[in-house]
Each structure stands twice: as structure tokens, then as C-alpha cells.
Amino acid sequence: MMAGYLVIAIDGPAASGKGTLARRLAEHFGLDHLDTGLTYRAVAKALLDAGLPLDDEAEAQKVALAVDLAKLDRDVLSTHEVGEAASRIAVMPSVRRALVEKQREFARRAPGAVLDGRDIGTVVCPDADVKLYITATAPVRADRRWREILAGGGQAEYADILADVERRDARDMSRTDSPLKPAPDAHLLDTSEMDIETAFLTARAFVEKELARRSKA
Ligand code: C5P
């Protein structure tokens with residue numbers, strides 16, 4: 001279904017379900033999708049691969065300016081180590097500026113887009129047509145991540161994953177530049193006790209309401 005130019009901003013902490021939701025909404029409304037976490041991960045991975053330190057902002061900015069959104073490879077970027085490194089370089093203002101510029105350019109292209117991340121509704125696309133803030137308790141998110149790892153044949157301790165989730169939340173929520181928080185006009189969706197289908201139907205209803213409002217205007 002084509003919706004006309006439309007931008008949907010989705011924010012939330014790690015393993016809240018926002019990525020799956022973003023993909024499904026993009027598919028349903030015929031929009032492009034950008035997982036902005038991958039842009040921070042791409043910078044972190046390039047630094048790790050080059051053996052460069054994660055606290056050299058000038059180096060990280062150079063890498064950020066060279067990120068190509070068309071070449072983000074989820075498979076190589078989705079490791080735990082890269083995610084952890086990404087949240088460390090994500091505190092650097094010049095890295096954020098470089099990546100936010102690319103993310104905004106992506107959002108400007110027709111037919112519009114769904115972007116998911118931590119600062120989409122607050123910083124990247126403050127004028128987004130629909131903003132969603134997806135959350136779930138830390139134990140629920142850690143449990144989801146843990147099951148994903150086991151289902152993929154990996155091994156992990158639930159307690160370690162929970163500690164990681166909590167550390168990442170604290171870092172993302174407490175940084176000075178673009179901390180993770182709901183935009184004042186975001187719809188809040190707590191998925192702690194909600195399956196993905198119900199979350200999708202709820203989010204879709206928010207978007208449809210916006211489209212109906214537009215068609216009347
Ligand atoms: O969502 P994902 O786990 O891939 O994000 C990795 C890290 O990138 C996050 O922990 C966060 O620190 C950072 N990030 C960000 N702003 C975004 C997306 C991700 O700071 N819009």
C-alpha cells in the first residue's frame with residue numbers, strides 16, 4: 001500500500017522490538033526503511049577492523065563521513081561486540097552530526113521512510129508524521145535477546161545479557177548529545193506483554209489515523 005510521502009520515526013532501547021516493527025510498517029506502507037543503529041555500528045566496525053581506538057573522535061568522525069548507507073550489511077554489523085562499540089562512539093557529537101546528516105537525506109527521498117533508532121523523533125526527524133516510542137522492561141528485552149542467541153545456535157548467560165542491556169540503556173539515556181528519550185509527541189508502546197503482531201497492529205492504527213487526518217485536511 002502506497003501512502004504518499006510519509007516519515008515514520010521509531011525510537012526505543014535495544015531489543016524493544018522496534019526494528020521488526022519498523023520493517024513491517026515500511027513493507028505495509030510501501031516506504032523505505034533505515035535502521036540507523038547500523039550507521040553507528042558501521043563506524044564502530046571500521047574502527048575495530050583498523051585497530052583504531054574507540055575514543056579518538058577525529059578518527060571516528062572521518063569514518064562517519066565516509067559511511068555509505070547503501071552498503072550497510074546487517075549480517076556483519078549485528079554482533080554483540082560491534083553493538084557495544086557502537087554505543088561508545090555514539091556519544092561523540094561530530095560522529096552524530098555526520099551520521100544524522102545522511103539519515104535526514106535518506107528520510108527526504110520519496111516515497112518517505114521509516115527510520116528507527118534512539119533520536120529519530122527528537123533530533124533526526126523532529127517533523128516526522130508519526131512518532132513511536134517502543135519500550136519493554138529490561139528483563140523482557142534481555143530474555144528476547146537471550147532466546148534469539150540460543151535459537152541461532154549460540155551460547156549465552158541470561159544474567160550477562162541483562163547486564164549488557166542495562167549498561168547500554170544507561171549509556172544511551174544519559175549521554176549529553178541526543179540521549180534516548182521519547183519525543184513529547186510520540187505514541188508510547190510498551191511491548192513487555194505484547195506479541196509482535198499486536199504491536200504491529202497497534203502501530204499501524206496510529207499511522208492510519210494520521211493518513212485519515214490528512215485525507216480530510
Ligand atoms: O540499535 P542498535 O543496537 O543497532 O544501536 C547500536 C548503538 O548505536 C546504540 O546502543 C546507540 O548507542 C547507537 N545509536 C544511536 N542513535 C541511533 C541509533 C543507534 O545513538 N539513532
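Whatever order the structure lists them in is the order used to number ligands and atoms, beginning at 1. Residue numbers run from 1 in the order of the sequence given.
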Please list the nearest protein heavy atom to [atom] with its residue and the distance rounded to 0.1 Å.
atom                    : result
atom 9 (C) of ligand 1  : Arg118 NH2, 3.4 Å
atom 4 (O) of ligand 1  : Arg41 NE, 2.6 Å
atom 18 (C) of ligand 1 : Thr36 OG1, 3.5 Å
atom 7 (C) of ligand 1  : Ala86 CB, 3.9 Å
atom 8 (O) of ligand 1  : Tyr40 CB, 3.5 Å

Inset, instruction - Check the angle between the aromatic planes of Phe206 and His187 and answer parallel, tilted or perpendicular using the 30° and 60° thresholds. - result: parallel

Does ligand 1 come near enough to [X] that some N or O of the ligand is less than 3.5 Å from an N or O of the residue?
X      : result
Asp172 : yes
Arg168 : yes
Gln103 : no

Legend entry - Arg96 near ligand 1 by a heavy-atom separation under 4.0 Å: yes

Inset, instruction - May I ask whether Arg175 places a heavy atom under 4.0 Å from ligand 1? - result: yes

Inset, instruction - Side-chain contact test, heavy atoms from C-beta onward, threshold under 4.5 Å: evaluate it for Leu69 versus Glu105 and give yes or no. - result: no

Legend entry - Audit row: Asp35, Leu72, side-chain contact (heavy atoms from CB on, under 4.5 Å) steps and yes/no: CA-CA 9 Å; Asp35 171 353; Leu72 299 171; over 6 Å; no

Inset, instruction - Give the numbers and elements of all ligand 1 atoms closer than 4.0 Å to a heavy atom of Asp119. - result: 16 (N), 17 (C), 21 (N)

Legend entry - Location of contacts on Ala90 toward ligand 1, heavy atoms closer than 4.0 Å: side chain

Inset, instruction - Compute whether any side-chain donor of one residue and acceptor of the other, for Asp119 and Thr122, lie under 3.5 angstrom apart. - result: no

Inset, instruction - Give a yes or no on whether the backbone of Val91 and the side-chain of Asp177 come within a donor-acceptor separation of less than 3.5 Å. - result: no

Legend entry - Electrostatic pair Asp129:Arg214 at N-O distance under 4.0 angstrom: yes

Legend entry - Lys/Arg N to Asp/Glu carboxylate O, Asp172 vs Arg168, below 4.0 Å: no

Legend entry - Qualifying residue for side-chain contact (heavy atoms from CB on, under 4.5 Å) with Lys18, from Val114, Asp116, Leu132, Thr135: Asp116

